[in-house]
2 protein chains.
Amino acid sequence: MNKPTILVIDDEVQIRKLLQITLENSEYNVLLAATAKDGLVAAANHKPDLILLDLGLPDKSGQEVLKVLREWFAQPVIILSVQSGEDDIVLALDNGANDYLVKPYRTGELLARIRSLIRRSVPGESSPVITVGQITIDLVLRVVKKDCEVLKLTATEYSLLALFAKNEGRVLTHHYLLREVWGESYVAQSQYLRVFIAQLRKKIENDPNRPAIIVTESRIGYRFKGNE
Amino acid sequence: MNKPTILVIDDEVQIRKLLQITLENSEYNVLLAATAKDGLVAAANHKPDLILLDLGLPDKSGQEVLKVLREWFAQPVIILSVQSGEDDIVLALDNGANDYLVKPYRTGELLARIRSLIRRSVPGESSPVITVGQITIDLVLRVVKKDCEVLKLTATEYSLLALFAKNEGRVLTHHYLLREVWGESYVAQSQYLRVFIAQLRKKIENDPNRPAIIVTESRIGYRFKGNE
DNA sequence: TGTCTTCTTTATAAAATCTTTATATCTGCT
DNA sequence: AGCAGATATAAAGATTTTATAAAGAAGACA
């Protein structure tokens, strides 16, 4: 459940800054580009979830950018422009824009239109399932299975296991685990970790006395071993 | 490829006429409705490819119509309204509108926005009847049955159940449920949720003391379990 | 106006989970 | 082997969360 990424292509630095702050406050990742060229490169490299495109770019017309973009970019594009002529709007929409806002626009409305487009742009998403050995974790459904059998985990146990599964094979330090699962102020509570690791092992290990999935790295942390 | 069908819901006869002519000239089939009630019926019967909805209807607020519609209608909805306030626009978009045009709008722009939405809309069908285990939910008629027997649910109970049914198997957090059913300002009222979950269980569970359909995920939320 | 339905609050019991404590076991080192 | 620090585990205790009934409030409707 990552934050969506939005690419802003606008040549005015103040607008870029303003949008960056606004969007980051609304829990988006923000990429910035000042020219058409940079914008297209950034779009290709980062595959943003949505693009905010200014029509008045120095190096290339925004309409051109839109056309080029639409040859491969399927995510939503919102045009921001000072041009309020109907011809511009119709052209942009027919070139593949999903929306067109005339500057100066209202921030709340822009955010609502972004929400609306992002909400609908998740068509064929396959629920990300992590499979490690006999353990299966469906992060969307929030279901953990061992050999097709559903396990009952508490919220904390689940966070811990999900964190391990996302870092299969890597050693996770006590400090890191405590900070990620319990929060910054619990980094000294190593005993928590021991208690919950024991509980998890009781539920997922074949022989909890000989842990094979969550192995302890003494004095450092724990490691989640999937296969071999 | 058939001509796309557009449903116009507006109480002013001149606007209906005008839109009908405009749209038919642009190769669309047009359906007309003058009230919220007729509009909802027409939407259910004809499954249009797009709806143009006026916010100022005599019998019911357009925002209400939108919410009810969105319980099962997945195709695009464009709001046409004399209201130009940001709050109205944001509310409509968050209620599921795909676009919002302030009257008087420009015809060319409206047509371009319609083209844009229809181009992008997936022909994917959304079955308006969900069956999960013994429970059947008709999202169009808003009727819930358990083993062919109609259950009497209040509006809130229905919204909650419909939301669950649309997300079968996945954990829905307290926060999410409260926001979707009651609205953003109620996200802290977890007690509501408990009360209504208890009421729902009394109505749909075989043994309300041992919930098998709506199971609680302590400290996280609830999960709607269909079969298995 | 009174009745009915539904929503909202309050109160309390029950359940689940988290936290702490106690003790046993392990690990690496001299 | 013996020690010290680190880890494992069970179980008691404390706290939070959940379930449920029921009372009060707010509307709808005739």
Side-chain angles (χ1 to χ4, degrees), chain A residues 142 144 151-162 164 171-178 180-183 185-224, chain B residues 59-61 64 142 144 150-162 164 171-178 180-183 185-225:
Chain A
R142 212 187 167 101
V144 178
L151 297 182
K152 174 140 182 51
L153 300 184
T154 71
T156 312
E157 287 162 4
Y158 177 86
S159 320
L160 192 55
L161 181 59
F164 272 123
V171 178
L172 303 179
T173 64
H174 303 133
H175 190 277
Y176 175 78
L177 289 165
L178 285 161
E180 290 296 312
V181 176
W182 282 271
S185 46
Y186 291 75
V187 290
Q189 300 284 345
S190 348
Q191 181 58 14
Y192 278 24
L193 206 44
R194 298 196 191 103
V195 171
F196 279 84
I197 292 282
Q199 280 172 3
L200 259 185
R201 280 173 173 162
K202 235 186 318 191
K203 292 183 181 178
I204 68 173
E205 296 278 359
N206 291 318
D207 179 359
N209 293 323
R210 304 253 176 98
I213 301 173
I214 299 178
V215 298
T216 127
E217 299 283 343
S218 206
R219 288 154 190 272
I220 306 170
Y222 297 87
R223 184 213 318 245
F224 190 71
Chain B
D59 53 337
K60 200 183 220 179
S61 132
E64 277 305 309
R142 297 171 73 93
V144 178
V150 176
L151 297 183
K152 178 154 170 47
L153 299 185
T154 72
T156 311
E157 287 163 2
Y158 175 84
S159 313
L160 193 55
L161 182 59
F164 271 122
V171 176
L172 302 180
T173 63
H174 303 131
H175 190 276
Y176 176 79
L177 290 164
L178 286 162
E180 291 296 314
V181 175
W182 283 271
S185 46
Y186 290 77
V187 292
Q189 300 284 345
S190 349
Q191 182 57 15
Y192 278 25
L193 207 44
R194 299 198 190 102
V195 171
F196 279 83
I197 291 282
Q199 280 171 2
L200 260 184
R201 279 172 173 163
K202 244 190 304 196
K203 293 183 181 179
I204 68 172
E205 294 279 359
N206 291 318
D207 179 359
N209 292 323
R210 300 235 170 69
I213 301 173
I214 299 178
V215 298
T216 128
E217 298 283 339
S218 203
R219 294 175 170 228
I220 305 168
Y222 296 88
R223 183 204 307 272
F224 190 71
K225 263 172 118 168

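Everything numeric in this text was worked out from a predicted model, so none of it was measured. Below, read A as the first sequence line, B as the second, and so on, with proteins coming before strands; counting in each chain starts at 1. Hydrogens, waters and symmetry mates are skipped; everything else that's a heavy atom, side chains included, is used.
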Least distance between heavy atoms, [X] atom then [Y] atom:
| X | Y | value |
| --- | --- | --- |
| V181(B) | S159(B) | CG1-CB, 4.1 Å |
| E157(A) | K152(A) | OE1-O, 4.3 Å |
| E205(B) | R210(B) | OE1-O, 4.4 Å |

**Request:** For the helix from dT1(C)-dA30(D) to dT30(C)-dA1(D), figure out the bend between the end axes, five pairs an end, and round to 10 degrees.
**Result:** 30°

**Item:** Q189(A) CD to dA8(D) P, straight-line distance once rounded to whole Å
**Value:**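 So the two atoms are 17 Å apart, to the nearest Å.
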
**Prompt:** Quick one: H175(A) NE2 to dA6(D) P, roughly how many Å, whole number?
**Reply:**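 Atom NE2 in H175(A) sits about 16 Å away from atom P in dA6(D).
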
**Prompt:** When we call it a touch if two heavy atoms are under 4.0 Å apart, what does S190(B) touch: a base, just sugar-phosphate, or nothing?
**Reply:** nothing

**Message:** How long is the straight-line distance from NE2 of H175(A) back to CD1 of I220(A), given to the nearest 0.5 Å?
**Reply:**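 Rounded to the nearest 0.5 Å, the CD1-NE2 separation comes to 15.0 Å.
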
Tabulate atom names and distances for all N/O pairs under 3.5 angstrom spanning the protein and nucleotides 10-17 of chain D.
{"unit_1": "dA10(D)", "atom_1": "OP2", "unit_2": "K202(A)", "atom_2": "NZ", "d": "3.2"}

Is the closest side-chain heavy-atom distance between [X] and [Y] below 4.5 Å?
| X | Y | result |
| --- | --- | --- |
| L153(B) | L160(B) | no |
| I213(B) | K225(B) | no |
| Y158(A) | L161(A) | no |
| L177(B) | F164(B) | yes |

**Given DNA chain D, 5'-ward residue of the pair P211(A) and E217(B), judged by closest heavy atom** =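 Per heavy-atom nearest nucleotide, the more 5' residue is P211(A).
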
**Asked** For Y222(A) and R194(A), what are the C-alpha separation, side-chain angles and deciding distance, and is it a side chain to side chain contact (heavy atoms under 4.5 Å, CB included)?
**Response** CA-CA 10 Å; Y222(A) 297 87; R194(A) 298 196 191 103; 4.1 Å; yes

**Worked check of side chain to side chain contact (heavy atoms under 4.5 Å, CB included) between I204(A) and I214(A)** = CA-CA 9 Å; I204(A) 68 173; I214(A) 299 178; 4.0 Å; yes

**Prompt:** First contact, last contact: which nucleotides of DNA chain C are these for chain B, 5' to 3', heavy-atom distance under 4.0 Å?
**Reply:** dT6(C) to dC18(C)

**Prompt:** Is there a donor-acceptor contact under 3.5 Å from the side chain of R201(B) to the main chain of N206(B)?
**Reply:** no

**Complete:** The answer to which of W182(B) and F196(A) contacts DNA chain C further toward the 5' end, by nearest nucleotide, is W182(B)

